[in-house]
Trainee: 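The structure that follows is given in the form of structure tokens.
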Amino acid sequence: MAKSQNRNEPIFRVAIALPVYRLFDYLAPERVELIKVKPGIRLEVPFGKAKKIAFLVECVQHSDIDIGKLKRVERILDEKPLLSAKDLALLHWAGRYYHHPLGEVFSAAFPVALRQGKPSVIQAEKRYALTELGKATDSGQLKRSPKQKSVLEKFQTHQNSLSEAELSAWNENWRSSVKLLIDRQLLQLSVSESGTHAAEQPVVRNDALHCNPQQQAAIDTVCEGLGQFGVFLLEGVTGSGKTEVYMQIIRTVLERGQQVLVLLPEITLTPQLEDRFRQRFTVRMAISHSKLTDRQRASAWLTMQRGECSILLGTRSTLFTPLKNPGLIILDEEHDASFKQQEGFRFSARDVAVVRGKLLNIPVLLGSATPALESLHNVDNKRYHLLHLPERAGIATAPVLQLLDIRNKRMQEGLSEALVAQMRLTLAKNEQVLLFLNRRGFAPTLICHGCGWVARCRRCDANLVIHYDEGILRCHHCGQEQRLIRQCPACKTGELTPLGLGTERVEKVLAELFPDKSIVRLDRDSTQRKGSLENYLQQINRGEVDIILGTQMLAKGHHFPNVTLVAILDVDSGLFSIDFHAPEKLAQMIVQVSGRAGRAEKPGRVIMQTRQPEHPLLTTLIHQGYNSFARTALAERKEASLPPFSYQALLRVQAQDAEMPKLFLQAVVELAQEYSKGRTQLLGPVAAPMARRAGLYRYQLLFQSGRRPELHALLDVLMPKIEKLKQAKKVRWSLDVDPVDLY
DNA sequence: AGCACGCCGACT
DNA sequence: GTCGGCGTGCTC
């Protein structure tokens, strides 16, 4: 039949973004010059009834599929691959290491617009600036249009022009106001000032700050290592001048004509670093994070790919952006768990960055005040080179940490009398107080005083959290809400009482205790409105706020120079977790929160309320510092053969049916025992710590081995078989290699 | 992931 | 007698 005459047709083996491990074979397009076709190019292929975008993996001569059944590639989308051979190798490595389908890995490397098959064209980015009229206009005149007023103020408090990307990061809905302000001739389109860099022009526009010897040593060490692979761990407390070190190293990289990729854990941290970089560097800089439009992200990606831009600042997903002249990868706050993607393709941006650095033969610079235990372990075994910044730069002094024993003490909504007294002293000196409580809402539990009934989520194994402001009960795990009830549904008589502490409740008592003070609450609920976080931060730094109260989001990066007292209201809640990562996370959180205080010339103090004043984690951390804590914690991990002294992968399963997840994992265990020759342990199957979430029943199975190759060899044979398991079709499962969150 | 095929319940 | 429920299986 037709079979034989086509025997020598070239076959395109492609990856398609699907949750399956196998690749798909297609007939090459007719009249194609095979020499010009390189792996990595995007293709459009017929797939089932639809068309899909595919990535060419290789050209082969033979297919296992009957050649008559193969379809033909419809269209070639790229003349040349947008990814280099080394970046393709990185994706293949990541697919193998995380045991994730290659098509989805490829898909993650491209910005949305390109993975949908859009052409690789760059949309020029617009910038806006004040007109002379805009500079002279008092924003008070716009008080009848508050959105325009705030946009005008944004420009008036900003030195340079603002790009679409910067405006989007600040407030997603800026377009209409900017348009109206242009109509009023207060704003104008500005000629792209950050794109003016010419080859002969200096890369920096102003002088570097003076560095202390340790900073200089760090700069020199990394700069000497440019042009070859090496991982540097820059350990420096808040205020030790890490950013200055980054900038001086970046300058050298730029002067070599190379590009720099800078990764941050969170979008909210990009504007401040972007500002500092723009003040220092003349080169073009791209920003990429999920608040930007698909078009903006595609432009950032392509300008880096073409080498038209020298610095890329972005979050986790930016890691795979191709670089025409790669020089350096910086990953700031490397300990931060946000660098681990928590769904789908669960990669660690830190670990993949290191592999990327190795493939590109460039240095990787990791920065943190509280390095991850794995990173310190990698310093110990000489894989990473430690650069230590022991001092605070300038004249700032380190904050003093102290424990406040609250056993048997009178408490008012989580505040001890001693703490309130310290707050009064601080406020009397006109200095700011920061209170940290990592629980939003009014109270985490609503309990009946009469019968003990507790408000539970119907779809999760969790209690509903009281949100008085909104008059609702909300589940923090599935988002389900219901009206706040007044009467106990069980006994109809008892009094419903809020139990426990949330930021809303503390805010209320603060308002009573300090009626003449201005209080700001920063948590996901109070900052949901776009741009409100930035507005609050500005208020705080203008000194219009006396007491700052907030959750996790306070712990990251933001500087509050006039804060001299920090209190961690409930440090004990972090001491009792089944996850072995918990002590590390708690210690990092304490040090990070402490870093918010006592910058500038005013010394800061940190008070931790605890009922465990003798707890070794707390005493070690306070008296000997983070590094001693880390040493102790690493010794404990070693003793217990936990990571980084062993290697883990967690197989998670969930299903509507209560029994299926367990049955599926039992089948997996049978398979694993058949193929596991070595000493890879199987821990489970066990119910997940939260056995039901959003209506789904959850189970998990942990693989652990003292040798990484052994674990991966097992997973290599196991995963394709798991995919074909008949039980697999009735559940949703995912593998998490190097899990950081065992929940 | 989509999407069609397929075999059992309440409607014109 | 049909419309449609979502269980199961396939996509080169």
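All values reported here derive from a predicted model rather than from experimental measurement. Protein chains get the first letters and strands the later ones, always in sequence-line order, with residue 1 at the start of each.
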Trainee: Indicate for each nucleotide in nucleotides 7-12 of chain C, in 5' to 3' sequence, whether protein heavy atoms under 4.0 Å reach the base (B), only the sugar-phosphate (S), or nothing (-).
Mentor: -SS-BB

Trainee: Can Glu266(A) and Lys556(A) be counted as an ion pair, charged N to O under 4.0 angstrom?
Mentor: yes

Trainee: Consider side chain to side chain donor-acceptor pair (under 3.5 Å). Of Gln305(A), His92(A), Arg356(A), which one does Asp87(A) pass it with?
Mentor: Arg356(A)

Trainee: So that I can tick it off, tell me whether Lys324(A) and Glu308(A) are bridged by a salt bridge, with the cut-off set at under 4.0 angstrom between side-chain N and carboxylate O.
Mentor: no

Trainee: Enumerate, in order of first residue number, the stems that involve DNA chain B, defined as 3 or more consecutive Watson-Crick or G-U wobble pairs with both distances under 3.5 Å.
Mentor: B:1-11 with C:1-11

Trainee: When the ring centroid of Phe12(A) is compared with that of Phe24(A), is the distance short of 6.0 Å?
Mentor: no

Trainee: Between which nucleotides of DNA chain B, read 5' to 3', does contact with chain A run, using atoms under 4.0 Å from its heavy atoms?
Mentor: dA1(B) to dA4(B)

Trainee: Are Asp736(A) and Arg652(A) within salt-bridge range, i.e. N to O under 4.0 Å?
Mentor: yes

Trainee: Taking 4.0 angstrom as the limit, do Asp351(A) and Lys340(A) come out as a salt bridge?
Mentor: no

Trainee: Let me confirm one number: the NZ-CD distance from Lys51(A) to Glu44(A), rounded to the nearest 0.5 Å.
Mentor: 5.5 Å

Trainee: Answer yes when Arg22(A) and Glu723(A) have at least one side-chain N-carboxylate O distance shorter than 4.0 Å, and no when they do not.
Mentor: no

Trainee: Are Lys36(A) and Glu79(A) within salt-bridge range, i.e. N to O under 4.0 Å?
Mentor: no

Trainee: Identify whether the distance between the nearest side-chain nitrogen and carboxylate oxygen of Arg474(A) and Asp525(A) falls below 4.0 Å.
Mentor: yes

